[in-house]
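Just follow the structure's listing: the first ligand is 1, and inside any ligand the first atom is 1. The shown structure was predicted, so the numbers you read here are calculated from the model rather than taken from an experiment.
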Amino acid sequence: MSILPLYLIPFLPEQASTFAPEVDLYFLFLVGLTLFFTLLVGILAIVFMVRYRRRRADEVPEPVEGAMLLEITWTVIPFLISMFIFAWGAKIYYDMYKEPKDALEIFVTGKQWMWRAQHPDGVREINELHVPLGRRVKLTMTSEDVIHSYFIPAFRTKADLVPGRYTMTWFEPTKAGTYHLFCAEYCGTQHSGMIGKVIVMEQAAYQAWLAGGTSEGSPASNGQKLFASLACSTCHQDQNRGRGPTLAGLYGTEVRLDNGSTVIADDAYIRESILNPNAKLVAGYQGIMPTFQGQVSEEQIVQMIAYIKSIGPKQDGTKPASAPVAGAAPVAGPAATPTSGGSVSK
Ligand code: CUA
């Protein structure tokens, strides 16, 4: 049996996203730095032990009064090194947590103990995530119960899913293949089983996969249906004629509240207004809206936000979405193409 050369041992997972090379380089730098100082201190300790050992039983060493130059040196150098670590790490963090432009937005919900995902055209999947190669993919995530964490080692991305809040993570896959998806936050007895696969496909294969999936309508069109079935439209009418403010054109704008302050109508604000309508009351309206806490799931809230977004003016920097079509189904494509990502291997 031959011994595996050290450099062939896979210490790190594959690099499959644009983040991976820099994260690995940073990690390698930290490991190298740690090794360097461990060796430096260790070797110096041994050398000094030998060199300055007591040679006679009655030997008393010379008193040391201090060495300013030495003290400044060992203060300034580590300071510069640690600031370099901070600056580089902060740059990587900033790149990862800045909203990406022109990204494909996928909604992810975590639940004990599974991952649900919904694509922009409504296709859903469980414990799998199919994404196109070479395209930025933004995940908007929340949890139905406890904190989970979406971890794709090959992409070097990890972000928590927090109940009652939306979190965001994004990546740009650079290599087609199937990669591990883990839950990286202890969330109960089946935590270790909360795993899945991320399947990166060539653009054409991804389109074919989408076309083969079953869709119950886009999130926006489902949100529109909910909006009607929950009777939201009785109060939220057009041109502010109803008892509630109109929601057309609302998304992304500044809303004046009855306490004089303002708030941006983003996902978090809309979610809060559905679950706790009186938390931030719009100026000029009475707090008569009932709470929908417990009546709508996180997934349905996401759908209603998607609907409000679709009738709003701002699409966070990207081009405006077309008006939602009730019951829209994805355009029929080459449906005979295999729907699973099995044909794409790494
Ligand atoms: Cu979900 Cu651990």
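The distance from atom 1 (Cu) of ligand 1 to the nearest N/O/S atom of Y186 is not under 2.8 Å.
Closest to atom 2 (Cu) of ligand 1 among the N, O or S atoms of E185 is O. The atom of H191 nearest to atom 2 (Cu) of ligand 1 is ND1, with the search restricted to N, O or S atoms.
Ring geometry, H130 versus W209: the interplanar angle falls under 30°, so the pair is classed parallel (tilted spans 30 to 60°).
The ND1 atom of H148 and the SG atom of C187 subtend an angle of 100° at atom 1 (Cu) of ligand 1, given to the nearest 10 degrees.
Counting only N and O atoms by type, the side chains of S149 and D160 include a donor and acceptor under 3.5 Å apart.
When each of Y26, W170, F155 is paired with F19, the ring pair (Phe, Tyr, Trp, His ring centres under 6.0 Å) condition holds for W170 and for no other.
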Begin from the C-alpha positions of H236 and T246 and carry the test side-chain contact (heavy atoms from CB on, under 4.5 Å) through to its verdict. CA-CA 5 Å; H236 294 287; T246 181; over 6 Å; no
